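In the text below, chain A, chain B and the rest are named by the order of the sequence lines, each starting its count at 1. Just so it is clear, the model here is predicted, and its values are computed rather than measured.
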2 protein chains.
Amino acid sequence: MRYHRGDVVDRAIAVLDEYGLESLTMRRLAAELGLQPSALYHHVPNKQTLLAAVADEILTRGRRPRRARKWDRRVVEVCAELRDAMLAYRDGAEVVVTAYTFGLGAGEPASQLQEALRDGGLPDDLVDVGTRALLHLVFGHTVEEQMALQAASAGAIDRAPGGPADFERGLELVLDGLRSKVNG
Amino acid sequence: MRYHRGDVVDRAIAVLDEYGLESLTMRRLAAELGLQPSALYHHVPNKQTLLAAVADEILTRGRRPRRARKWDRRVVEVCAELRDAMLAYRDGAEVVVTAYTFGLGAGEPASQLQEALRDGGLPDDLVDVGTRALLHLVFGHTVEEQMALQAASAGAIDRAPGGPADFERGLELVLDGLRSKVNG
DNA sequence: ACCTGAACACCGTTCAAGT
DNA sequence: ACCTGAACACCGTTCAAGT
């Protein structure tokens, strides 16, 4: 059994989804592949890079075709895709957000949001401020939502975080602010 | 030298600020206090709780008197205080946000934002949506800003994240959205 | 109540050596 | 190119025993 980088990333996602981020160790992953831990370092320079690749793959797998025409509907579409992609795997939001925090990956959603805001006719500086605000909102909301979902499924009752409805309402708050600037 | 819980938390903040979160280990902290690692468990049940206490203390130390009268100015005031409190210590944003993510601490800023939005005359559901949106914005922005600041001071040039100006502009986006609902 | 000493069950990573 | 075996330098936490 000779593996390539893609196999390692795929297996990492499987371990993540089944046992959670805290169980996704290099040693555990190696065992899962029937390898010595040191063998992983032929495919990936270190754990941080592996996690960034996992984050990237999670986003890639969640990709959907663009349908919306109007810039603000496209923003909602991109954000919803991002949220759904992260929610599709256990601790997915945590992994994607951490990778983004360390400047790795998630550049794709950012450019798509930028593009949408530019199409909306916003000035460059507002495009940047708006893109960051939207990303922070989606990341923050989704991490919180996933945390609550997993806590709920583990028995803790906890108040639900709102789901897709609250998500879109938070988004609309920022979009309202942006719309008021495009025709103002 | 007999220590109490407060001493342990204070020393943890000192270690955090000087060497960063990755160096804040139970063993390192114990050594810093001249103790065996096991001694820490007389003051704190585990590391997670310690970090939550550190987060709480960071927010407490950053507390400032409320000056603003109007609800939307008070929102800005609360958010700015939160941001400044987190920026005051190395990796402070990371620690506070992680604690919040795990449902520990940071309840204080949340209730203050809720109160401000209620004073603004917003309906209950919008108060909750708005509070979460504002918190996510502040957390996301500040983690990103601190990351960039620390990267810059470590030699990596990196584009600056905007500082207080971009921070307030992101906030204003959400506030615009909220204001349009209060008189609408 | 607070602490020591020793142990348990792990980590990520490196490196010489094998095929 | 991909992997093994062994080691290095760590982790968080528990627990019996001391004062």
Side-chain angles (χ1 to χ4, degrees), chain A residues 1-57 90-91 94-96 98-99 101-105 154, chain B residues 1-57 90-91 94-96 98-99 101-105 154:
Chain A
M1 284 167 193
R2 241 85 188 296
Y3 294 112
H4 296 79
R5 190 189 149 102
D7 306 311
V8 173
V9 172
D10 287 351
R11 196 59 159 255
I13 292 183
V15 172
L16 177 74
D17 198 42
E18 192 164 359
Y19 306 102
L21 180 56
E22 77 174 12
S23 294
L24 180 49
T25 68
M26 297 298 272
R27 301 181 97 104
R28 172 71 178 264
L29 176 58
E32 207 83 15
L33 289 163
L35 296 177
Q36 295 296 317
S38 51
L40 294 177
Y41 292 86
H42 283 271
H43 302 102
V44 123
N46 51 51
K47 189 179 181 180
Q48 196 185 177
T49 305
L50 201 230
L51 287 176
V54 165
D56 248 39
E57 178 64 17
R90 161 124 83 131
D91 291 333
E94 197 74 47
V95 171
V96 170
T98 301
T101 297
F102 287 88
L104 313 160
Chain B
M1 285 166 194
R2 242 93 187 293
Y3 295 111
H4 295 80
R5 190 189 149 103
D7 305 312
V8 173
V9 173
D10 288 350
R11 195 58 158 255
I13 293 183
V15 172
L16 177 73
D17 198 43
E18 194 164 359
Y19 307 101
L21 180 56
E22 77 175 11
S23 295
L24 179 50
T25 67
M26 296 300 269
R27 301 180 97 104
R28 172 70 180 265
L29 177 57
E32 206 84 16
L33 290 163
L35 295 176
Q36 295 296 316
S38 51
L40 295 177
Y41 292 86
H42 284 271
H43 301 102
V44 124
N46 52 49
K47 189 179 182 181
Q48 196 185 180
T49 305
L50 200 231
L51 287 177
V54 164
D56 248 39
E57 177 65 16
R90 163 128 76 135
D91 291 332
E94 196 74 47
V95 172
V96 169
T98 302
T101 297
F102 286 89
L104 313 161

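When the P atom of C:dT13 is taken as reference, atom NZ of A:Lys47 falls 8 Å away, rounded to whole Å. Taking atom CZ of B:Arg27 as the reference point, atom C1' of C:dC10 lies 11 Å away to the nearest angstrom. The separation between B:Leu29 atom CG and D:dG12 atom C1' is 13 Å, rounded to whole Å. Distance OH (B:Tyr41) to P (C:dG5): 18 Å, rounded to an integer number of Å. A:Leu35 has its CG atom 11 Å from the P atom of D:dG5, to the nearest Å. Rounded to an integer number of Å, the gap from CG of B:Asp7 to C1' of C:dC3 is 15 Å. To the nearest angstrom, C1' of C:dT14 lies 14 Å from CG of A:Leu40. Spacing between atom CD of B:Gln48 and atom C1' of D:dT13 amounts to 14 Å, rounded to whole angstrom units.
Close to D:dG5, at under 4.0 Å from its OP1 or OP2, lies a side-chain N or O of A:Gln36. Taking only side-chain nitrogens and oxygens, B:His43 comes nearer than 4.0 Å to OP1 or OP2 of C:dC3. At the phosphate of D:dT14, neither OP1 nor OP2 sits under 4.0 Å from any side-chain N or O atom of B:Ser38. Within the structure, every side-chain polar atom (N or O) of B:His4 is placed at least 4.0 Å from both OP1 and OP2 of C:dA1.
When the P atom is compared between D:dC10 and C:dA9, the two are found 22 Å apart, to the nearest whole Å.
Each of C:dT13, D:dG12, D:dC3 was ranked by its minimum atom distance to the side chain of A:Asn46; first place goes to C:dT13.
Using the Watson-Crick or G-U wobble rule with both distances under 3.5 Å, D:dG18 pairs with C:dC2. Across all strands shown, C:dC10 forms no Watson-Crick or G-U wobble pair with both key distances under 3.5 Å.
The main-chain N or O of A:Tyr3 is found under 3.5 Å from a side-chain atom of A:His43 such that the two form a donor-acceptor pair. Formation of a donor-acceptor pair under 3.5 Å by the B:Arg11 side chain with backbone atoms of B:Leu33 is not found in this model.
Remark on DNA chain D: of its neighbouring residues B:Arg2 and B:Ser23, the 5'-side contact belongs to B:Ser23, judged by nearest-heavy-atom nucleotide.
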